[in-house]
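Here the structure is laid out as structure tokens; the discussion comes afterwards.
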2 protein chains.
Amino acid sequence: MHPYRRIVEDVRRRIESGELRPGDRVPSARAITQEWGVAIATATRAHAALREEGLTVARAGVGTVVAGPAPRKEHELTRERIVATAVEVADRLGLAELTMRRLAAELGAATMSLYRYVPSRDELIVAMIDKALGEIRLPRRHPGGWRPAIELAARQEWAVFQRHPWLGSSMSITRPQIAPNGIRLSEWVLAAFDDTELDLEERMYAQIVLFTFVRGVASALEPEAEAIRETGLTNEQWLQTQESTLTELMDTNGMSHFQQLTEDGFDFGLDLVFEFGLARMLDGLSLFVRARG
Amino acid sequence: MHPYRRIVEDVRRRIESGELRPGDRVPSARAITQEWGVAIATATRAHAALREEGLTVARAGVGTVVAGPAPRKEHELTRERIVATAVEVADRLGLAELTMRRLAAELGAATMSLYRYVPSRDELIVAMIDKALGEIRLPRRHPGGWRPAIELAARQEWAVFQRHPWLGSSMSITRPQIAPNGIRLSEWVLAAFDDTELDLEERMYAQIVLFTFVRGVASALEPEAEAIRETGLTNEQWLQTQESTLTELMDTNGMSHFQQLTEDGFDFGLDLVFEFGLARMLDGLSLFVRARG
DNA sequence: TACACCAACGTACACCGTACGCAGAAGGAG
DNA sequence: CTCCTTCTGCGTACGGTGTACGTTGGTGTA
């Protein structure tokens with residue numbers, strides 16, 4: 001038996017015993033020369049044999065690695081992990097506070113290491129958008145009729161925007177960042193109109209308008225969250241600090257409506273804005289769909 | 001005749017001849033002692049007499065100055081001028097490129113000089129918002145019925161947003177920056193519903209929803225302008241560069257609607273989005289108003 | 001042994017907003 | 001005349017940003 005067979009068998013045993021798991025690095029050629037007391041040529045032959053049997057794959061610059069779906073080492077730097085952590089940081093601290101340095105610190109890595117996996121901060125944000133949109137779960141079949149379907153989509157979007165306050169202000173309509181999950185969502189909404197007479201262009205406009213509205217409401221979320229973080233004031237408290245300026249302004253200009261509004265107190269909530277706007281929007285769309293039908 | 005009278009008359013003549021204009025600095029006490037060969041006490045008395053006659057005002061730290069609405073020297077540093085220039089720069093270069101240093105350079109002043117007139121960049125932006133909103137011209141009387149009025153307001157807003165692409169993304173609803181012109185606009189819209197049965201809270205929601213929609217569409221303007229500046233590509237050209245990625249994505253997921261849309265070509269424009277959305281919104285609002293009436 | 005490759009990283013650059021404090025000119029009081 | 005206060009304008013410096021560039025130490029392979 002050639003000496004390299006012994007090495008192969010040893011390694012195979014380690015893999016089968018679970019000592020070495022998919023994605024782990026098998027001893028390098030240098031390490032083999034040390035461990036088994038052989039020449040590097042022998043070690044190389046062992047590597048080749050392992051590779052031939054499909055037990056391992058050679059990854060250039062990284063080493064020979066046990067084949068199979070790698071079960072993600074916890075602290076390995078990975079595009080996936082970077083994006084996930086970035087989302088988490090942005091949710092917690094706001095997009096402005098998501099700096100490459102802070103993100104690296106959060107990951108326990110050096111700043112520049114991130115640039116191996118992400119070409120720039122901007123592209124990282126695109127990846128974050130895609131990940132966030134991926135949370136939207138829509139049934140394969142559209143629930144009865146276009147209106148419930150559209151409403152469902154809008155509510156899902158709104159929910160995601162709320163979970164990720166930074167999302168609304170970072171998405172663009174005119175230049176849709178190529179986020180696969182965004183496109184999937186679009187397709188679903190377009191298809192939701194299949195039971196209407198709307199042509200494709202009209203559907204597209206309906207879709208964009210809906211989305212624009214939801215995002216419009218949502219883009220108030222980030223500044224608000226940021227303001228609360230920074231000043232520690234809730235919205236109401238803040239309004240009170242501004243009250244003197246406001247009343248002075250109103251007094252000098254005779255703004256009766258506004259004045260009464262602040263006197264009566266105004267129960268303001270983005271959720272209510274969303275609900276009110278969505279209802280009007282769907283009503284208006286209904287009229288349009290009916291006119292086409 | 002006291003010698004100081006001669007000085008007063010000399011100065012008066014200079015003012016009336018137009019040699020000295022409102023806002024210009026009259027000779028300082030020191031300068032007077034030089035020019036007229038008098039003691040400083042005399043010069044001070046001349047100043048006092050001029051001030052008493054209302055010809056001049058003493059501005060501490062600046063000098064004695066000809067009274068009247070100063071016709072703004074062209075290159076004097078002024079909050080007004082700073083804000084106007086800032087708006088102009090932001091229109092041209094985008095809000096991100098509006099740095100205090102660049103603004104100062106544009107004004108021919110040192111960076112820190114600006115902070116005499118503007119407490120911070122953030123507050124400068126608030127002032128810019130107010131100035132931009134000031135361009136909105138609405139008739140004192142609302143044109144027949146709530147719907148034309150609201151439509152007019154929305155169109156005016158849209159026009160301003162188009163002229164100032166940075167505006168949409170910098171305004172907040174939940175924490176309305178106290179911009180007098182913004183409040184004036186609000187008041188006008190609230191009053192526009194006077195011929196309906198909507199209560200104040202409903203009007204406020206209607207207003208916010210309308211505004212949110214317009215701003216939502218508008219917030220696509222800044223990124224687009226920026227993208228054009230940066231890459232020099234128009235929207236269509238850019239879409240073409242992305243086409244391969246896009247079609248690949250579509251092919252693998254069977255997105256028939258999306259696919260057909262890109263094949264047929266899709267005539268996309270923010271203006272059309274605005275028109276479509278506004279029409280639906282107003283229709284929806286109509287239903288609501290009628291239900292209340 | 002030489003080579004090409006790769007992850008990870010440290011350093012450095014240009015730029016940002018703005019705190020701080022100084023220089024200089026002015027009017028006014030003593 | 002001298003001192004004081006007030007005002008504009010400004011220079012310098014600090015702590016932050018994104019990221020270009022080059023180095024280090026490991027790899028498989030010829």
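Along DNA chain C, the nucleotide closest to B:T99 and the one closest to B:V26 are compared, and the more 5′ of them pairs with B:T99. Between B:A96 and B:S28, the residue whose closest nucleotide on DNA chain C is further toward the 5' end is B:A96.
OP1 or OP2 of D:dT29 lies within a sub-4.0 Å distance of a side-chain N or O belonging to A:R51. For D:dT29, the OP1/OP2 oxygens have no side-chain nitrogen or oxygen of A:T44 closer than 4.0 Å. Phosphate proximity of C:dA26 to B:R25: present, with a side-chain N or O under 4.0 Å from OP1 or OP2.
For the pair B:E97 CD and D:dG18 C1', the computed distance is 14 Å after rounding to whole Å. In this structure, B:I40 places its CD1 atom 10 Å from P of C:dG28, rounding to the nearest Å.
The shortest non-hydrogen separation linking A:W166 to A:D91 is NE1-OD1, 2.6 Å.
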Interface polar pairs with nucleotides 9-12 of chain D, N/O, under 3.5 angstrom:
| unit_1 | atom_1 | unit_2 | atom_2 | d |
| --- | --- | --- | --- | --- |
| D:dG9 | OP2 | B:Y117 | OH | 2.3 |
| D:dG9 | N7 | B:R116 | NE | 3.0 |
| D:dG9 | O6 | B:R116 | NH2 | 2.6 |
| D:dC10 | OP2 | B:A110 | N | 3.2 |
| D:dC10 | OP2 | B:S113 | OG | 2.8 |

Side-chain donor-acceptor pairs of residues 122-135 of chain B under 3.5 Å, sequence neighbours excluded:
| unit_1 | atom_1 | unit_2 | atom_2 | d |
| --- | --- | --- | --- | --- |
| B:D130 | OD1 | B:N181 | N | 2.8 |
| B:D130 | OD1 | B:N181 | ND2 | 3.3 |
| B:E135 | OE1 | B:R163 | NE | 3.0 |
| B:E135 | OE1 | B:R163 | NH2 | 3.1 |
| B:E135 | OE1 | B:H164 | NE2 | 3.1 |
| B:E135 | OE2 | B:H164 | NE2 | 2.9 |

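Heavy atoms of B:L98 sit under 4.0 angstrom from primed sugar atoms or phosphate atoms, though from no base atom.
When the side-chain contact (heavy atoms from CB on, under 4.5 Å) test is applied to B:R13, the partners found at least two apart in sequence or on another chain are B:E9, B:D10. Qualifying side-chain contact (heavy atoms from CB on, under 4.5 Å) partners for A:T85, counting only residues two or more places apart in sequence or in other chains: A:R81, A:V89, A:L103, A:E106, A:L107. The side-chain contact (heavy atoms from CB on, under 4.5 Å) test applied to B:S169 returns B:E222, not counting sequence neighbours. Applying the side chain to side chain donor-acceptor pair (under 3.5 Å) rule to B:R102 yields the partners B:E97; only residues at least two apart in sequence or on another chain are considered. Residues satisfying the side chain to side chain donor-acceptor pair (under 3.5 Å) criterion with B:S219, sequence neighbours excluded, are A:R215. Applying the side chain to side chain donor-acceptor pair (under 3.5 Å) rule to B:R79 yields no partners; only residues at least two apart in sequence or on another chain are considered.
With a 4.5 Å cut-off on side-chain heavy atoms, A:V26 and A:H47 count as touching.
Axis angle, first five pairs versus last five pairs of the helix from C:dT1-D:dA30 to C:dG30-D:dC1: 40°, rounded to 10°.
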